[in-house]
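First the structure, in the form of structure tokens, and then the observations on it.
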Amino acid sequence: MELLSGALSVAATTLGLIEPFFKKMKTVLLFKFLVNGLVCVNYLLAGDGYSGALICAVAILCLFINYGYTSRDKEIPLWVVIVHSVIFLGANLLTFAHWYDVFTLIASLLFVLCIAQKTTKFYRLLYIGNCLIWIPYDILAAAWGNLFTHTVLSIAILVSIILNDRKKAKEEV
């Protein structure tokens, strides 16, 4: 089981490392869809990560909906963001078993804002916060593969933000 968890973690981390460097939100959402699927399965393998697993499953549904709007170059309506938030809240209440499940609630609401962005710049800024919130949950739920994934992705997103800011600063000069 640990070998499978490790393999899923490596796959999720690899896809997640590639994701922040895309410029089109449509491509970012597709990669995020795949990463969430792998992380979801990994939470189930951890044994005590049911709340995290359900949140990732709901995230896949939300990503699918948002991808439909983004692929047609349409802005995601506010009502969709509100519905996503309500669904995440319901999912959290359904699986709330430990005090640390509050981290999944906070992360899921930040995720809703994250995937509703029009540009990858604001997406990356919100996504780094999302990853950092998952880290304590991963530790407390003993989801070590996902802890690895979220830690590496936090660092990678920070590097992506710095590189993009540096590139834009050079272009402005």
Side-chain angles (χ1 to χ4, degrees), residues 11-44 49-96 100-138 146 149-150 153-154 156-165 167-168 171-172:
T13 304
T14 302
L15 292 172
L17 286 171
I18 297 167
E19 170 200 317
F21 293 96
F22 287 109
K23 299 209 185 286
K24 292 186 178 185
M25 205 51 202
K26 179 172 77 169
T27 311
V28 168
L29 291 176
L30 180 63
F31 269 75
K32 192 74 191 145
F33 181 89
L34 297 171
V35 169
N36 269 283
L38 295 170
V39 170
C40 177
V41 172
N42 225 353
Y43 277 128
L44 291 173
Y50 297 115
S51 183
L54 182 60
I55 293 307
C56 288
V58 171
I60 290 168
L61 174 67
C62 294
L63 285 161
F64 182 73
I65 292 167
N66 286 18
Y67 183 83
Y69 283 100
T70 306
S71 65
R72 292 178 289 174
D73 291 326
K74 293 188 176 189
E75 189 172 319
I76 298 162
L78 179 60
W79 70 267
V80 170
V81 174
I82 292 169
V83 168
H84 286 344
S85 298
V86 169
I87 292 171
F88 272 118
L89 180 60
N92 272 282
L93 292 175
L94 184 67
T95 60
F96 201 89
Y100 54 83
D101 288 339
V102 74
F103 288 112
T104 65
L105 174 61
I106 297 166
S108 64
L109 295 176
L110 188 57
F111 179 78
V112 169
L113 295 174
C114 183
I115 64 170
Q117 298 304 307
K118 295 179 216 170
T119 65
T120 57
K121 175 185 176 184
F122 293 116
Y123 165 82
R124 280 190 291 273
L125 291 172
L126 291 168
Y127 184 54
I128 194 168
N130 179 273
C131 274
L132 291 173
I133 292 169
W134 279 107
I135 290 173
Y137 177 80
D138 294 339
N146 287 339
T149 299
H150 289 125
L153 292 183
S154 295
I157 295 162
L158 182 61
V159 169
S160 170
I161 290 169
I162 292 169
L163 291 176
N164 282 326
D165 287 349
K167 182 179 174 183
K168 287 181 182 177
E171 288 173 359
E172 291 175 1

To the nearest 0.5 angstrom, please state how far the OH atom of Tyr137 sits from the CG atom of Asp101.
-> 5.0 Å

State, to 0.1 Å, how close Ile76 and Ala116 come at their nearest heavy-atom pair, and which atoms those are.
-> CD1-CA, 3.8 Å

Contacts of Tyr69 that satisfy ring-ring contact (aromatic ring centres under 6.0 Å, His included) - sequence neighbours left out = none

Sequence neighbours left out, what passes side chain to side chain donor-acceptor pair (under 3.5 Å) with Asn146? Give chain and number order.
-> Asn42

So do Phe111 and Lys32 actually touch side chain to side chain, heavy atoms under 4.5 Å?
-> yes

Enter the distance from Leu34:CG to Leu63:CG here, rounded to the nearest 0.5 Å.
-> 9.5 Å

Non-neighbouring partners of Leu38 that pass side-chain contact (heavy atoms from CB on, under 4.5 Å), sequence neighbours left out = Leu8, Ala11, Ala12, Leu15

Residues 82-95, side-chain donor-acceptor partners within the protein, below 3.5 Å, at least two apart:
{"from": "His84", "atom 1": "NE2", "to": "Asn66", "atom 2": "OD1", "distance (Å)": "2.9"}
{"from": "Ser85", "atom 1": "OG", "to": "Val81", "atom 2": "O", "distance (Å)": "3.0"}
{"from": "Asn92", "atom 1": "OD1", "to": "Thr104", "atom 2": "OG1", "distance (Å)": "2.5"}
{"from": "Asn92", "atom 1": "OD1", "to": "Leu105", "atom 2": "N", "distance (Å)": "3.1"}
{"from": "Asn92", "atom 1": "ND2", "to": "Phe88", "atom 2": "O", "distance (Å)": "2.9"}
{"from": "Asn92", "atom 1": "ND2", "to": "Ser108", "atom 2": "OG", "distance (Å)": "3.3"}
{"from": "Thr95", "atom 1": "OG1", "to": "Ser51", "atom 2": "OG", "distance (Å)": "3.2"}
{"from": "Thr95", "atom 1": "OG1", "to": "Ala91", "atom 2": "O", "distance (Å)": "3.1"}

Which salt bridge (charged side-chain N to carboxylate O under 4.0 Å, His left out) pairs, counting each pair once, include a residue from residues 58-74, with sequence neighbours left out?
-> none

Considering all heavy atoms of both residues, which atom of Leu153 and which atom of Cys131 are nearest to each other, and what is their separation?
-> CB-SG, 4.0 Å

Side chain to side chain, Tyr50 and Leu44, heavy atoms closer than 4.5 Å | yes

Go through the steps for Tyr43 and Trp134 under the test ring pair (Phe, Tyr, Trp, His ring centres under 6.0 Å), then give the verdict.
-> CA-CA 12 Å; Tyr43 277 128; Trp134 279 107; 5.5 Å; yes

Considering all heavy atoms, the nearest Met25-Gln117 contact | CG-O, 3.5 Å

Looking at CD1 of Ile133 and CZ of Phe103, how far apart are the two atoms once the value is rounded to the nearest 0.5 Å?
-> 8.5 Å

Inter-residue atom distance Leu113.CG - Tyr123.OH, 0.5 Å rounding = 13.0 Å

Sub-4.5 Å side-chain heavy-atom contact between Val58 and Cys62 | yes

Output the distance between atom CZ (Phe31) and atom CG (Asn36), rounded to the nearest 0.5 Å.
-> 13.5 Å

Heavy-atom closest pair, residues Ser160 and Arg124 = OG-CD, 3.2 Å

Residue pair Leu29 / Phe64, side-chain heavy-atom distance below 4.5 Å | no

According to the salt bridge (charged side-chain N to carboxylate O under 4.0 Å, His left out) rule, which pairs have a member within residues 52-67, sequence neighbours left out?
-> none

Shortest non-hydrogen separation from Thr149 to Thr13 and the atoms involved = OG1-OG1, 2.9 Å

Return yes when atom CZ of Phe122 has more than 12 non-hydrogen atoms of other residues, nucleotides or ligands closer than 6.0 Å, and no otherwise.
-> no

Interatomic spacing from NE2 in His150 to CD1 in Ile128 - rounded to 0.5 Å = 12.5 Å

For Cys40 and Cys56 the tightest heavy-atom approach is CB-CB, 3.5 Å

